[in-house]
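One structure below.
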Amino acid sequence: MSTYLLVHGAWHSGQCWERVIPLLASAGHRVFAPSLTGHGDKAHLLGPDVGLDTHVDDIVGLIVEADLTEVILVGHSYAGLVISSVANQVPARIGELVYLDAMVPEHGESAADVQPATRALIDRAVRSESGWRVPPLPEMPPPAGLFGVTDPADVAWLRSMLSDQSVRCLRQPVRLDAPAVDAIPRTHIHCVVGVPEGIVRRPVPAVQPNGTPSQVWELRAGHDCMITAPADLAGLLLKLA
């Protein structure tokens, strides 16, 4: 039995994994998919002080409290930053890092460094009435849709779980300076359908920090593949069990 910890991206909640969880669980694995502070069942906790560090603490706290080890830690989109800093804090408890169409940072980088398009979101939030709220991205024409979701019923379901993000999440830097982190295997899953204009994906180096060849898989799905292609995504994740 493996342990999967699925971390949602910006604006989403743990509910977005609803179609993937049973596929992993039915194969005999434990699955955790919490909502980060300010989202889902914790939406009422959103405020200007919620940042990347808050979300890192959410996940580290869950891992330690549940005494999880050999965790397959999956970070979607913005959560690539979250899982990186989590691994930095508790490297001995992480068995694999999975960057699911995610930001892949270096030590000291923020979302704005990894994904330059984020800077415009930060600027708009700072100039807004609140000074800190970053609303979800708007729906675009297919195939980009709403985070890669184009089916009207799925778009409506996705909208029901989206909420604002604090700009602090996009500004705080990742900590990735613990030497033990380099030993953790990494897998990268790239969603290749409907990538919006202006979104930059960093090339994955041929060799992982642990010295082994990099593992990069492509998924013919939009960004929110857990909604539009749950069986395909689960199939890839189960290869890591």
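Predicted model only: the values in this text are computed from it and were never measured.
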Test your reading of the model: is there a side-chain donor-acceptor pair from [X] to the backbone of [Y], 3.5 Å cut-off?
X	Y	answer
Tyr4	Leu237	yes
Thr69	Arg93	no
Asn210	Thr212	yes
Asp101	Cys191	yes
Thr3	Arg30	no
Ser160	Trp157	yes
Asp151	Asp154	yes
Arg186	Leu97	no
Gln165	Val134	no

- Between Val50 and the options Leu45, Thr37, Leu36, the side chain to side chain contact (heavy atoms under 4.5 Å, CB included) test singles out Thr37
- Item | Ile94: which of Ile72, Asn88, Ile63 passes side chain to side chain contact (heavy atoms under 4.5 Å, CB included) | Ile63
[X] with [Y], same ILVMFWY side-chain cluster at under 4.5 Å:
X	Y	answer
Val20	Val193	no
Ile199	Ile122	no
Leu158	Val195	no
Leu73	Val181	yes
Val114	Val104	yes

- Query: Run the side chain to side chain contact (heavy atoms under 4.5 Å, CB included) check on Thr54 and Asp57 step by step: do they pass?
  - Reply: CA-CA 5 Å; Thr54 312; Asp57 289 345; 5.8 Å; no
- Taking atom types as modelled and ignoring hydrogens, do the side chains of Glu96 and Thr187 form a donor-acceptor contact shorter than 3.5 angstrom? yes
- Query: Among side-chain atoms of Tyr78 and Thr118, is any donor-acceptor pair under 3.5 angstrom?
  - Reply: no
Do [X] and [Y] make a side-chain contact, defined as non-hydrogen atoms from C-beta onward lying under 4.5 Å apart?
X	Y	result
Ile59	His55	no
Leu162	Leu146	yes
Arg133	Val167	no

- Message: For Val204, give me all partners under side chain to side chain contact (heavy atoms under 4.5 Å, CB included), at least two apart in sequence or on another chain.
- Response: His188, His190, Ser214, Val216
- By side chain to side chain contact (heavy atoms under 4.5 Å, CB included) - contacts of Ala183 (at least two apart): none
Heavy-atom closest pair, residues [X] and [Y]:
X	Y	result
Ser166	Leu46	N-CD1, 3.9 Å
Ala27	Leu238	CB-CD2, 3.8 Å
Ile83	Gly80	CG1-O, 3.5 Å
Val56	Ser85	CG2-CB, 3.5 Å
Cys16	His12	CB-CD2, 4.3 Å
Ser77	His223	OG-NE2, 3.0 Å

Hey, can you pull the donor-acceptor pairs under 3.5 Å for the side chains in residues 135-142, sequence neighbours left out?
| unit_1 | atom_1 | unit_2 | atom_2 | d |
| --- | --- | --- | --- | --- |
| Glu139 | OE1 | Arg159 | NH2 | 2.7 |

Side-chain polar contacts of residues 106-113 - donor-acceptor pairs under 3.5 angstrom, sequence neighbours left out - could you list them?
| unit_1 | atom_1 | unit_2 | atom_2 | d |
| --- | --- | --- | --- | --- |
| His107 | ND1 | Leu176 | N | 3.0 |
| Glu109 | OE1 | Glu106 | N | 2.8 |
| Glu109 | OE1 | Arg202 | NH1 | 2.8 |
| Glu109 | OE1 | Arg202 | NH2 | 3.3 |
| Glu109 | OE2 | Arg202 | NH2 | 2.8 |
| Ser110 | OG | Ala112 | N | 3.3 |
| Ser110 | OG | Asp113 | OD2 | 3.2 |
| Asp113 | OD2 | Ser110 | N | 2.8 |

- Item | Asp58: partners by salt bridge (charged side-chain N to carboxylate O under 4.0 Å, His left out), with sequence neighbours left out | none
- ring pair (Phe, Tyr, Trp, His ring centres under 6.0 Å) partners of Trp11, counting only residues at least two apart: Phe147
- Point-to-point distance, once rounded to the nearest 0.5 Å, from CG of Leu23 to CE of Met226: 13.0 Å
- Query: Is the distance between the ring centroids of His8 and His39 less than 6.0 Å?
  - Reply: yes
